[in-house]
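Following: one structure in structure tokens, then a few remarks.
Keep in mind the model is a prediction, meaning the values are calculated, not measured.
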Amino acid sequence: MTVEGGVLLVRALEAQGVDRVFCVPGESYLPVLDALFDSGIDTVLCRQEGGAAMMAEADGKLTGRPGIVFVTRGPGATNASAGVHVAAHDLTPMILFIGQVPTEFRGRGAFQEVDYDKMFGGMAKAVFEAATPAELPDLVAEAFRIALDGAPGPVVVALPEDTLSGEADADIPSRVEAFEIHPAESKLENLWAMLEDATAPIVILGGSRWTDGAIADIEEFATHFHLPVACSFRRQSLFPNRHPNYAGDVGIGIAPALKARIAASDLVIAVGARFGEMPSQGYTLFDVPTPKQRLVQVLPDDTELGRLYHPALSILADPVSFARKAAQLVASATVAWSGEAEAAHAAYLAWSTPEPDAAAQPGYVDINAVMAHLEKVLPAKSTLTNGAGNYAGWLHRYHRFTDRAAQLAPTSGSMGYGLPAAVAAKLRHPDRTVVCFAGDGCFQMTMQEFGTACQAGAAVVVLVVDNSQYGTIRMHQERHYPGRPSATALVNPDFAALARSYGGFGVMVTETADFPAAMDAALAAGVPALVHLRTDPDRISTTARLPFAPARDAG
């Protein structure tokens, strides 16, 4: 029986196990919206396409399956590109479906027409355009395959109006799964020999395609071999931070002791971590192209192995398959680095324990004290999200993440990510406490998605860290052009009042002592809640205040 292309598309999504899509509606894909009306798929109505795409990206992180977002052509697609960029850098499976002008209008400069191959060719793993209604189901399956295989990433599918409204009869492909990439036995034997010869090894985890089972296997591997384990930039949830082998995160504001440990290591086993600019400390932690440390690189994408660094050993494998094999390796009775994992963890605990800010000013909230309180009151199974900005340094340094769903943060450094990610997390795991950390500038990139949270019933808690400036940029200005701040001061609204206007809970806090009661009320509100924290603009990072001393390093 022939049906509309929009129906075929939605049936194909159902066959792939899709239970939720994010969208901003548009007339260019009306048949899909109509088909979703009769579907069991939850359709989340967002306020702006950038927020919708970030929600889909966060959902992809949490599920390991492509997050799905629908937007309209032209302006809708350009707005959504922010989320595609996050997915590309974070190696997240995601599919962006975009309405397109009718086929007969293509190439004529039709209303809102865009060449999506040119627009997304440098960001997406693939860009498709459906030519006929009958090919839509196969196109969906192919998009899933590409988004999942190797190093995951975003796929873009353009949908001409006539393709969606036309009718066809087509089979619906079965569910697509990612191909497992097993490590070669000879490579594992080489790894074993390198461990036998090592005196100061360390494991660094990163990337995507992780599962709870893979993390448990890495725990077993690390325990067997007494290995310190660190996590790459904004991947702190890949290893339990309270585990006695956890050494900290390798990102912006890295702990000096951990940086020194990696620099002095003679064997770095990097599983999924590509060591881009941020985790490599501006490409200084490892010499390019040949590191001083013996580097073992485990990646699911053979095009990345050896592309930037020349590893001593490269292993083509996905994290799950590698971790399963690594857990089966058995260490000797003693290792040359006995006690180093415990020492690394002790250094991490010292670095990640907040102390009251001795220079805290009245009328402002001490973020160190905020973090100390959160560590006391948040359930172990909480999810914390953030976008980009110096404010995130407090979260990354002082919060101890417990499990794979505990952190959602963009390695791409995209502002505005925290709130959309929190909404997606709360919808995916409604029983978890979900807290979004957002700077005042970061929050205003996507703050309209607080309305999405209210409409969808996603009772997130948003902590807006308001220092009335784009703090990261101000910090760099003071380093390079001291005393000449330009285009970084912000005149902000009453964010708590904004939350209340949407029907949520909102409270402003200007004194540190008032935060515990405000946070308790937000957690108990049962609706989306926002705590507006007024903070000292001179407390520019976890380690520095303005103005800088001549040789002061902000960390």
Side-chain angles (χ1 to χ4, degrees), residues 233-234 248-249 251-260 277-278 281-282 284-285 350-374 386-399 409 413-416 418 437-445 463-495 508-515 531-555:
F233 179 50
R234 293 181 169 171
D249 66 298
I252 299 174
I254 186 173
L258 178 57
K259 184 177 179 180
E277 179 184 356
M278 294 305 170
Q281 311 301 302
T284 63
L285 200 55
W351 175 254
S352 64
T353 301
E355 298 290 343
D357 184 357
Q361 301 297 309
Y364 295 122
V365 177
D366 174 9
I367 301 300
N368 286 11
V370 167
M371 294 309 305
H373 182 73
L374 292 179
N386 64 267
N390 274 17
Y391 72 89
W394 275 268
L395 177 60
H396 296 341
R397 177 173 174 178
Y398 294 126
H399 183 64
S414 178
M415 293 182 71
F437 245 69
D440 47 336
C442 187
F443 181 65
Q444 290 181 91
M445 295 283 180
L463 301 181
V464 178
V465 182
D466 177 9
N467 62 2
S468 299
Q469 62 188 345
Y470 287 116
T472 304
I473 311 307
R474 173 73 188 283
M475 178 183 72
H476 290 301
Q477 284 179 335
E478 291 295 338
R479 280 176 169 164
H480 297 284
Y481 305 99
R484 295 172 58 83
S486 175
T488 49
L490 291 170
V491 177
N492 289 325
D494 182 335
F495 294 114
M508 181 183 290
V509 181
T510 59
E511 296 292 342
T512 303
D514 295 333
F515 174 71
V531 182
H532 181 175
L533 305 173
R534 296 297 302 274
T535 63
D536 185 353
D538 289 339
R539 171 52 70 190
I540 205 65
S541 79
T542 64
T543 58
R545 290 186 62 85
L546 296 178
F548 290 130
R552 188 75 177 268
D553 182 9

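In this structure, R479 is positioned above the aromatic face of F548, its NZ or CZ under 6.0 Å from the six-membered ring centre and within 45° of the axis.
Taking both residues in full, the closest heavy atoms of G471 and I540 are given as O-CD1, 3.4 Å, listed atom of the first, atom of the second, then distance. When all heavy atoms are compared, the tightest approach of W351 to R397 is O-NE, 2.8 Å. For the pair E511 and V365, the tightest heavy-atom approach, listed with the atom from each and the gap, is N-CG2, 4.0 Å. Contact detail for G416 and C442: the closest heavy-atom pair is N-SG, 3.0 Å. Smallest separation of non-hydrogen atoms from D466 and H532: OD2-NE2, 2.8 Å. Closest approach of E355 and N368 over heavy atoms only: O-ND2, 2.8 Å.
When atom types are taken as modelled, the side chain of E478 and the backbone of G483 share a donor-acceptor pair closer than 3.5 angstrom. A donor-acceptor pair under 3.5 Å is absent between the side-chain atoms of T353 and the main chain of A350, judged by distance alone. Judged by distance alone, with hydrogens and angles left aside, the side-chain atoms of S352 form no donor-acceptor pair with the main-chain N or O of Y398 at under 3.5 Å. Checking side-chain atoms of D366 against main-chain N and O of D357 turns up a donor-acceptor pair under 3.5 Å. The main-chain N or O of D536 is never found under 3.5 Å from a side-chain atom of Q361 such that the two would form a donor-acceptor pair. With hydrogens and angles ignored, the 3.5 Å screen pairs a side-chain donor or acceptor of D440 with a backbone N or O of Q469.
Rounding to the nearest 0.5 angstrom, the gap separating the CZ atom in F443 from the CE atom in M415 is 12.5 Å. If you take CZ on R474 and CG on D538, they are separated by 7.0 Å, rounding to the nearest 0.5 Å. The OG1 atom of T510 lies 10.5 Å from the OH atom of Y364; values are rounded to the nearest 0.5 Å.
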- Check the pair L533 / V464 against side-chain contact (heavy atoms from CB on, under 4.5 Å), numbers first and verdict last. CA-CA 6 Å; L533 305 173; V464 178; over 6 Å; no

- Task: Applying side-chain contact (heavy atoms from CB on, under 4.5 Å), run through R234 and D249 and close with a yes or a no.
- Result: CA-CA 8 Å; R234 293 181 169 171; D249 66 298; over 6 Å; no

- N390 and T472: side chain to side chain donor-acceptor pair (under 3.5 Å), yes or no, with the steps? CA-CA 5 Å; N390 274 17; T472 304; 2.9 Å; yes

- Query: side-chain contact (heavy atoms from CB on, under 4.5 Å) between R539 and W394: does it pass, once the steps are laid out?
  - Reply: CA-CA 11 Å; R539 171 52 70 190; W394 275 268; 3.6 Å; yes

- Task: Please test L463 against L374 for side-chain contact (heavy atoms from CB on, under 4.5 Å), starting from the C-alpha separation and ending with a verdict.
- Result: CA-CA 11 Å; L463 301 181; L374 292 179; 3.9 Å; yes

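Side-chain contact of Q477 with T488: a donor-acceptor pair under 3.5 Å is present, judged by distance alone. One side chain, N492 or Q444, offers a donor N or O that lies under 3.5 Å from an acceptor on the other. Checked by atom type, the side-chain pair N467/T535 shows no donor-acceptor distance below 3.5 Å.
A parallel orientation is assigned to the rings of F437 and Y391, their planes being inclined by less than 30° (bins at 30° and 60°).
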